[in-house]
Amino acid sequence: VQLQAFGGGMAQAGGSLRLSCVVSGGTFSDYAMGWFRQAPGKEREFVAAIGRSGGSTYYAASMKGRFTISRDNAANTIHLEMNGLKPEDTAVYFCAAAVNVRLTDVSTYSALETYDFWGQGTLVTVSS
């Protein structure tokens with residue numbers, strides 16, 4: 001299984017970016033998907049997650065209302081629409097796939113160890 005994230009770049013504070021992640025290999029509809037990010041010198045942190053059917057979505061508190069995760073099972077792709085960007089959103093953003101996992105609670109969907117496969121990351125830089 002391979003994950004390819006793209007769409008990162010530079011934005012000004014208050015601006016928007018849309019990240020995408022294409023998954024190849026396996027059966028995409030078997031994967032719950034997540035986005036994480038890692039800022040320089042900091043640990044990787046949870047951003048958002050989406051269940052296998054797309055019917056359930058979850059967000060870190062600081063992203064709720066600004067970020068939207070979605071998936072297109074026909075295209076083996078997930079997206080992260082980021083609005084109202086802040087300089088503190090600057091980080092490398094990673095997509096991840098969890099095989100046959102139900103994202104039932106925060107201890108599941110926000111944990112790095114829940115996810116079996118990871119993409120290479122795409123850099124988002126937000127200037128003030």
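Here the structure is a predicted model, which means the values were calculated and not measured.
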Do any side-chain atoms of residues 12-31 form donor-acceptor pairs under 3.5 angstrom with protein atoms, and if so which ones, sequence neighbours left out?
residue: S16; atom: OG; partner: N83; partner atom: OD1; Å: 2.7
residue: S20; atom: OG; partner: H79; partner atom: ND1; Å: 2.8
residue: Y31; atom: OH; partner: G25; partner atom: O; Å: 3.3

Contacts of type side chain to side chain donor-acceptor pair (under 3.5 Å), residue S107, not counting sequence neighbours: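 For S107, the residues satisfying side chain to side chain donor-acceptor pair (under 3.5 Å) (neighbours in sequence not counted) are D105.
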Those residues that, when tested against R44, pass salt bridge (charged side-chain N to carboxylate O under 4.0 Å, His left out) (two or more places apart):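 Per chain and number, R44 pairs via salt bridge (charged side-chain N to carboxylate O under 4.0 Å, His left out) with no residue.
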Sequence-distant partners of R37, salt bridge (charged side-chain N to carboxylate O under 4.0 Å, His left out), two or more places apart: E45, D89
N/O donor-acceptor pair under 3.5 Å between T114 side chain and T108 backbone: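 Flag set: sc T114 to bb T108 pair under 3.5 Å.
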Any donor-acceptor N/O pair, Y115 side chain to Y109 backbone, under 3.5 Å: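 Checking the backbone N and O of Y109 against the side chain of Y115, a donor-acceptor pair under 3.5 Å is found.
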Are side-chain heavy atoms of [X] and [Y] found at a separation under 4.5 Å?
{"X": "W35", "Y": "M63", "answer": "no"}
{"X": "F36", "Y": "V92", "answer": "no"}
{"X": "L3", "Y": "F94", "answer": "no"}

According to a 4.5 Å side-chain heavy-atom criterion applied to Ile, Leu, Val, Met, Phe, Trp and Tyr, with indirect links allowed, do [X] and [Y] form part of one hydrophobic cluster?
{"X": "W118", "Y": "V47", "value": "no"}
{"X": "M10", "Y": "F67", "value": "no"}
{"X": "F46", "Y": "V101", "value": "yes"}
{"X": "L112", "Y": "V106", "value": "yes"}

Spacing of Q120 atom CD and Q4 atom CD [to the nearest 0.5 Å]: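 So the gap between those two atoms works out to 4.5 Å.
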Atom pair CG/CE of N73 and M33 - distance to nearest 0.5 Å: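 Going from the CG atom of N73 to the CE atom of M33 covers 10.0 Å.
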Distance-minimising heavy-atom pair for P87 and S127: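 Nearest heavy atoms, P87 then S127: CG-C, 4.5 Å.
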Heavy-atom closest pair, residues G7 and T122: N-OG1, 4.0 Å
Partner residues of E88 under the side chain to side chain contact (heavy atoms under 4.5 Å, CB included) criterion, sequence neighbours left out: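 Checked E88 against side chain to side chain contact (heavy atoms under 4.5 Å, CB included); matches are K86.
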Expected list for residues 50-59: side-chain donor-acceptor pairs under 3.5 angstrom, two or more places apart:
residue: S53; atom: OG; partner: G55; partner atom: N; Å: 3.3
residue: Y58; atom: OH; partner: L103; partner atom: O; Å: 2.7
residue: Y59; atom: OH; partner: I69; partner atom: N; Å: 2.9

